[in-house]
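This is the structure I want to talk about, given as structure tokens.
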Protein chains: 2
Amino acid sequence: MARPSHVRNSVRELIESGDRHDWSIEDLHAGILASGLTADYSSVFRAVTWLERQGVIGQVALGDSRIRYELAGHHHDHVRCDACGAVSSLPDCLLPRAEARVEKGTGFSVTGHHLVFSGLCPACR
Amino acid sequence: MARPSHVRNSVRELIESGDRHDWSIEDLHAGILASGLTADYSSVFRAVTWLERQGVIGQVALGDSRIRYELAGHHHDHVRCDACGAVSSLPDCLLPRAEARVEKGTGFSVTGHHLVFSGLCPACR
DNA sequence: CTAAGTGCAAATCATTTGCAACCAG
DNA sequence: CTGGTTGCAAATGATTTGCACTTAG
């Protein structure tokens with residue numbers, strides 16, 4: 001069913017390139033244009049939606065008012081600079097057994113979590 | 001400088017009433033109308049902004065695409081039901097010394113964090 | 001031919017702001 | 001009178017959708 005889609009390919013390539021983990025749709029759109037290719041914002045939106053539904057990428061909710069995406073797969077948490085907005089990711093998850101504790105305490109069955117630290121990055125402090 | 005403001009009072013009362021910790025502006029607006037009083041959405045917005053600046057309430061970013069607020073003060077984390085959207089809060093913070101670890105690992109100076117667990121609430125599971 | 005992918009414009013949704021009327025001090 | 005508060009309408013910002021055109025399978 002899937003036909004060649006250069007927009008989807010470009011989006012996937014950008015996100016898989018790995019250096020960033022806080023891609024907004026606008027960032028992706030700009031990235032594609034910067035590489036010489038063309039793509040409409042709405043096409044990027046649809047590509048992102050599609051990739052998300054396929055489980056290739058996932059949303060990252062930073063305090064920021066736009067939706068951001070990163071490669072899905074290995075779970076990790078983030079640190080965000082309050083001053084410049086820079087985001088870094090942490091190598092491993094700091095909540096090894098916290099979920100079990102939450103389950104006991106609340107009665108919820110916990111399937112995951114989202115953790116963002118805030119502070120100042122080395123450059124801004 | 002501050003004159004009586006029934007909108008601000010209503011918003012504060014609702015949020016201080018304590019049962020919820022995921023008030024959106026729309027929720028607050030609806031809540032005020034439900035109590036028989038009137039208030040414009042924009043006035044509620046301004047009241048919320050004012051209370052936030054005063055440090056009375058703070059934002060809570062749940063996956064949800066709208067900004068939510070809760071009483072500021074004691075820090076605690078949340079669990080959100082993926083099915084019905086219900087939110088509960090956890091009594092204490094589960095990351096006592098995690099911030100120090102993050103500082104060492106990333107070079108950021110960490111000032112806080114935001115943690116949301118996701119799963120299914122007792123009613124939905 | 002048929003359905004997927006794309007661009008363009010327009011519709012939504014939620015948040016914010018401008019402005020004039022209003023009112024307590 | 002003066003400045004804070006409010007309602008109403010309109011501006012923003014970002015996400016989402018409708019539609020027609022193009023093209024791979």
Side-chain angles (χ1 to χ4, degrees), chain A residues 1-15 20 22-70 80 85 87 114 116, chain B residues 1-15 20 22-70 80 85 87 114 116:
Chain A
M1 45 168 183
R3 284 201 291 146
S5 160
H6 68 272
V7 178
R8 219 138 63 202
N9 290 340
S10 299
V11 169
R12 184 194 290 248
E13 274 169 35
L14 279 173
I15 297 186
R20 292 187 54 181
D22 61 333
W23 291 98
S24 66
I25 295 184
E26 194 176 357
D27 291 336
L28 291 165
H29 183 216
I32 292 176
L33 298 185
S35 71
L37 300 171
T38 63
D40 187 72
Y41 186 95
S42 69
S43 298
V44 176
F45 166 77
R46 284 189 266 241
V48 165
T49 303
W50 189 86
L51 290 170
E52 189 191 2
R53 194 153 326 177
Q54 298 302 306
V56 179
I57 62 178
Q59 294 192 3
V60 199
L62 305 169
D64 178 89
S65 63
R66 42 182 77 187
I67 305 177
R68 290 174 179 282
Y69 299 86
E70 69 176 354
R80 175 169 195 279
V87 176
H114 184 73
V116 181
Chain B
M1 44 171 176
R3 283 201 294 144
S5 161
H6 68 273
V7 178
R8 221 137 63 200
N9 291 340
S10 299
V11 168
R12 183 192 289 248
E13 274 170 33
L14 280 174
I15 297 186
R20 293 186 56 182
D22 61 334
W23 291 98
S24 66
I25 294 183
E26 194 177 359
D27 292 337
L28 291 164
H29 183 216
I32 293 176
L33 298 185
S35 70
L37 300 171
T38 62
D40 187 71
Y41 186 95
S42 68
S43 298
V44 177
F45 167 76
R46 284 188 266 241
V48 165
T49 303
W50 189 87
L51 290 170
E52 189 191 2
R53 193 153 327 177
Q54 298 303 305
V56 179
I57 62 178
Q59 294 192 3
V60 198
L62 305 168
D64 180 87
S65 63
R66 43 180 78 189
I67 305 177
R68 291 175 177 282
Y69 299 86
E70 68 175 354
R80 177 169 194 279
V87 176
H114 185 73
V116 182

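Model, not experiment: these values are computed from the prediction. Here is the naming used below: chain letters follow the sequence lines, and residue numbers restart at 1 for every chain.
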Quiz prompt | Which atom of Asp22(B) lies closest to which atom of Asp27(B), heavy atoms considered | solution =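 Distance-wise, the nearest heavy atoms are O-OD2, 3.6 Å.
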
Self-check item: Separation of dT6(D) C1' from Leu33(B) CG (nearest whole Å)
Solution: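 About 14 Å, once rounded to whole Å.
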
Exercise. Would you state whether a donor and an acceptor, one from the side chain of Arg46(B) and one from the base of dG4(D), lie under 3.5 Å apart?
Key: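 Looking at the base of dG4(D), it does not pair with any donor or acceptor on the side chain of Arg46(B) (distance under 3.5 Å).
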
Practice problem: State whether Ser5(A) places a side-chain N or O below 4.0 Å from either non-bridging phosphate oxygen (OP1 or OP2) of dT6(C). | Solution: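 For Ser5(A), the contact criterion (side-chain N or O under 4.0 Å from OP1 or OP2 of dT6(C)) is met.
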
Exercise. Calculate the interatomic distance between Phe45(A) atom CZ and dG18(D) atom C1'; express it in whole Å.
Key: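 From Phe45(A) CZ to dG18(D) C1': 13 Å.
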
Self-check item: Atom pair distance, as rounded to whole Å: CG in Leu28(A) and P in dA14(D)
Solution: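 Between P of dA14(D) and CG of Leu28(A): 15 Å.
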
Quiz item: Are OP1 or OP2 of dT6(C) and a side-chain N or O of His6(A) less than 4.0 angstrom apart?
Solution: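 Answer is yes, contact under 4.0 Å.
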
Practice problem: Take atom CZ of Arg53(A) and atom P of dG5(C), then tell me their distance rounded to the nearest Å. | Solution: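 Taking atom P of dG5(C) as the reference, CZ of Arg53(A) is at 13 Å.
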
Exercise. Measure from CZ on Arg12(B) to P on dT5(D) and round the result to the nearest Å.
Key: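 In whole Å, dT5(D) P lies 12 Å from Arg12(B) CZ.
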
Quiz item: Thr38(B) or Arg66(A): which one's nearest nucleotide on DNA chain D is closer to the 5' end?
Solution: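 Checking each residue's closest nucleotide, the 5'-ward one belongs to Thr38(B).
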
Quiz prompt | Nucleotide of dT15(C), dC8(D), dG7(C) approaching Ser42(B) most closely (side-chain heavy atoms) | solution =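 Shortest atom-to-atom distance from the side chain points to dC8(D).
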
Practice problem: May I ask you to verify if any side-chain N or O of Ser43(A) is less than 4.0 angstrom from the OP1 or OP2 atom of dG5(C)? | Solution: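 The answer is no; no side-chain N or O of Ser43(A) sits under 4.0 Å from OP1 or OP2.
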
Self-check item: Where Val44(A) and Ala39(A) come nearest, the two heavy atoms and their spacing
Solution: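 Looking at all heavy atoms of both residues, the shortest contact is CG2-CB, 4.2 Å.
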
Quiz item: If every non-hydrogen atom of Ala47(A) is compared with every non-hydrogen atom of Val7(A), which pair is closest and at what distance?
Solution: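 Scanning both residues, the minimum pair turns out to be CB-CG1, 4.0 Å.
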
Self-check item: Atom pair distance, as rounded to whole Å: CG in Asp64(A) and C1' in dA14(C)
Solution: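 Atom-to-atom, Asp64(A) to dA14(C), this comes out as 15 Å.
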
Quiz item: Which nucleotide in the set dA24(D), dG7(D), dG7(C) lies at the smallest distance from any side-chain heavy atom of Pro4(A)?
Solution: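 When the side chain of Pro4(A) is considered, dA24(D) is the closest of dA24(D), dG7(D), dG7(C).
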
Practice problem: Tell me whether the OP1 or OP2 atom of dT5(D) has a side-chain N or O from Arg8(B) closer than 4.0 Å. | Solution: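 Affirmative; the distance criterion is met.
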
Quiz prompt | Contact summary for Trp23(A) and Leu14(A), nearest pair of heavy atoms | solution =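 Residues Trp23(A) and Leu14(A), closest heavy atoms: CZ2-O, 3.7 Å.
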
Quiz item: Considering all heavy atoms of both residues, which atom of Tyr69(A) and which atom of Val60(A) are nearest to each other, and what is their separation?
Solution: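 Smallest heavy-atom distance, with atoms named: C-CG2, 3.9 Å.
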
Quiz prompt | Any Tyr41(B) side-chain N or O less than 4.0 Å from OP1/OP2 of dT15(C) | solution =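 Answer yes for this pair, as a side-chain N or O of Tyr41(B) is under 4.0 Å from OP1 or OP2.
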
Quiz item: Out of dG7(D), dT15(C), dG18(D), which nucleotide sits closest to the side chain of Asp40(B)?
Solution: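 Shortest atom-to-atom distance from the side chain points to dG7(D).
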
Self-check item: Atom-to-atom span, CD1 of Ile32(B) to C1' of dT6(D) - whole angstrom
Solution: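 Distance check: Ile32(B) CD1 to dT6(D) C1' gives 12 Å.
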
Quiz item: What's the closest nucleotide to the Ala39(A) side chain, out of dT15(C), dG7(C), dT6(D)?
Solution: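 Taking heavy atoms from C-beta onward, the closest nucleotide is dG7(C).
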
Exercise. Grab the CG-P distance between Leu51(B) and dT5(D) for me, whole Å please.
Key: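 Rounded to whole Å, this separation is 11 Å.
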
